[in-house]
Protein chains: 2
Amino acid sequence: MDRQQIETVRRFNRTVTQRIGALEDGYLHRGRPLGEARFLFEIGPDGAEVQELRGRLNLDSGYASRLLRSLERQGLVAVGRHVADGRRRRVTLTETGLTEFSAYDGLSDELAASLLSSLGEAHRARLVAAMADVERLLRAAGIMLEIEPSDGADARWCLEQYFAELAARFEEGFDTALGASSDEVLVAPPDGAFLVARLDGAPVGCGMLRRDGEAIGEIKRMWVSPSVRGAGLAGRLLARLEAIAREYGWTHVRLDTNRALLEAQAMYRKAGYHAIARYNANPYADFWFEKAL
Amino acid sequence: MDRQQIETVRRFNRTVTQRIGALEDGYLHRGRPLGEARFLFEIGPDGAEVQELRGRLNLDSGYASRLLRSLERQGLVAVGRHVADGRRRRVTLTETGLTEFSAYDGLSDELAASLLSSLGEAHRARLVAAMADVERLLRAAGIMLEIEPSDGADARWCLEQYFAELAARFEEGFDTALGASSDEVLVAPPDGAFLVARLDGAPVGCGMLRRDGEAIGEIKRMWVSPSVRGAGLAGRLLARLEAIAREYGWTHVRLDTNRALLEAQAMYRKAGYHAIARYNANPYADFWFEKAL
DNA sequence: GAAATTACCTGACTAAAGTCAGGTAATGGA
DNA sequence: TCCATTACCTGACTTTAGTCAGGTAATTTC
């Protein structure tokens, strides 16, 4: 990695933690210890499960319990049973707790506004745009790809999203029975692989490779969640699937796509794919691409 | 302020503190309490004065002293007298301390690299560029402008930088005796004002307004430190000086500039100034501008 | 040259953050 | 049905962070 890039990132880290940290110290306490304040804020107006909060804030179970007890004593939260599982507990904010939450919410707004306040309009817009970029790409950088069974819960969830999107975008609609033949449902090494992309544990994309001839692979089911689009995840999935095909010793990968998926076509071309003749009977395919590995 | 902008800033704060914070926790401890680690890192290979460290890390003097003692016990730092002032103390890293510092330095690099590692080259470059933007503009947003005596230490320091830069940039060089007539040395309300721009207490720019006729002000000595250029500070200084002139009830402001200062000319035009005829005898002036308030 | 100020130090605190071992009740798999 | 696991709780800690009141020696101010 470039030395200059690393310097920039380090300067960024330094400046940002300094500036934002200083402001947060000034603002977000409201006389309460930081731990309690964060816990309260994290519960949010919709409530949350203790387990979830512990995970999000990375707390020891004893510590979390104590924080909860303290907030309860202050009359800010109410703890109830989980509907389905009697061991788990659901925390919700009381009336008072909601008021406190709103106060924190307002302070967060003020904090954000104060960061921008001294800049002129043009520079403010630039800062906000750059922040949006950083945020999006930083999230993207946290996405991990992993090979998983294609019938796992998250894999199936991704496929559902994928098919729903096809149905919405194809002019002709999309019928799973026609477009997703059952012989593809289970792919596994060494005849293919199903990749799931996760951000903080939650699936945000997928892609699949399956053998389609002696030394040829087919790439299918490439899907990227709208929440992380525009940050290169599709490219990463594609590159990883190609790498896997290469490991298997395959010489080519090919894929088909629908005319409605314009960005996808552009991406395939950019990744070195070229158009070939129809090689399958997929009724939804309008274009066919291939790449030598 | 725009609701959307505030949302973006809040999302940015959240994502950044989460991602970077999580990584820093993982990395930057080396088994040591965070306070000690930060203190050690802040001392740096060149050493530092205790006072300075206390200021930078915002520590209570007792606390700082204790941290210092602890690092000393661990054989990481040596504390010596200040050359000129026997009350102050200078801290330097020992051999061992330097090794530790390098370890932290290396970890910081790794941390930065790990942020980028999973992105492709193009997106990585975009992230780094956006980070540089955020960093620059966030620093700029922390700059405060204040009216100060034009013979104060920081004001004089700024002017020195300003004159040195003129000398370097003017084709014909710059002679303070010719270019900076002594009658301008002291400006104060209600006949003018000297603005100093500070970032974290350190001066990074200046600008001056002085009466030059019944209801006319002249703007002079606009200087912005190279460390904060490109973030709109000059525009802010100019706008503030105009606002002051308006408060005084003046109707016009004017200024002169040298042909070598191209960005300055562009900025004046953008701020609504138009060229007028020569109005003074400044031997270094090539253009004269005016703006009605 | 005395008095005030400054830079740092020490001891005695407190509050907050975090850890650990051992509980109880609910749940789920063999 | 029993036994392991899970989700949470409690009590008894330790560590870290931070504050405060008073010191001492060097320096500055009047």
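Which of C:dA17, D:dT10, C:dC8 sits closest to the side chain of A:Ser65 comes down to D:dT10. Among the nucleotides D:dA25, D:dC8, C:dC8, the one closest to the side chain of B:Val50 is C:dC8.
To the nearest angstrom, C1' of D:dG18 lies 14 Å from CD of B:Glu36. Rounding to whole angstrom units, CD of residue A:Glu52 and P of D:dC8 are separated by 10 Å. Atom-to-atom, OH of A:Tyr63 to P of D:dG11 comes out at 18 Å; the value is rounded to the nearest Å. With rounding to whole Å, B:His82 atom NE2 is found 15 Å from D:dA26 atom P. If you measure from atom CD of B:Glu72 to atom P of C:dT10, you get 9 Å, rounded to the nearest angstrom. Atom CG in A:Leu71 sits roughly 13 Å away from atom P in C:dA16 (whole-Å rounding). Distance, B:Asn58 CG to D:dT19 C1': 13 Å, rounded to whole Å. Atom pair A:Asp60:CG and D:dC9:P shows a separation of 12 Å (rounding to whole Å applied).
B:Leu34 comes within 4.0 angstrom of sugar-phosphate atoms only, judged by non-hydrogen atoms across all strands, and of no base. Among the heavy atoms of the strands, none lies under 4.0 Å from B:Ala37.
In summary, B:Glu72 and B:Arg66 do not engage in a salt bridge, as defined by a charged side-chain N under 4.0 Å from a carboxylate O. Salt bridge annotation for B:Glu148-B:Arg198: present, with a cationic side-chain nitrogen under 4.0 angstrom from a carboxylate oxygen. Under a 4.0 Å N-O distance rule, the pair A:Arg30/A:Glu100 qualifies as a salt bridge.
When the side-chain nitrogen and oxygen atoms of B:Arg89 are compared with OP1 and OP2 of C:dC9, one or more of them lie within a distance under 4.0 Å. Put simply, A:Arg69 has a side-chain N or O that comes within less than 4.0 Å of OP1 or OP2 on D:dC9. The phosphate of C:dC8 (OP1 or OP2) has a side-chain N or O of B:Arg54 nearer than 4.0 angstrom.
In this structure, A:Arg38 and A:Arg81 both approach DNA chain C, and ranking their closest nucleotides by distance from the 5' end singles out A:Arg38. If you find the closest nucleotide of DNA chain C to A:Asp85 and to A:Ser61, the one lying nearer the 5' end belongs to A:Ser61.
A:Arg66 contributes a side-chain N or O that forms a donor-acceptor pair with the base of D:dG11 under 3.5 Å.
B:Arg32 and B:Gln74 are linked by a side-chain donor-acceptor pair at a separation below 3.5 angstrom, with hydrogens and angles left out of the test.
Annotation for B:Arg69: atom CZ counts as buried by contact number, over 12 foreign heavy atoms lying within 6.0 Å.
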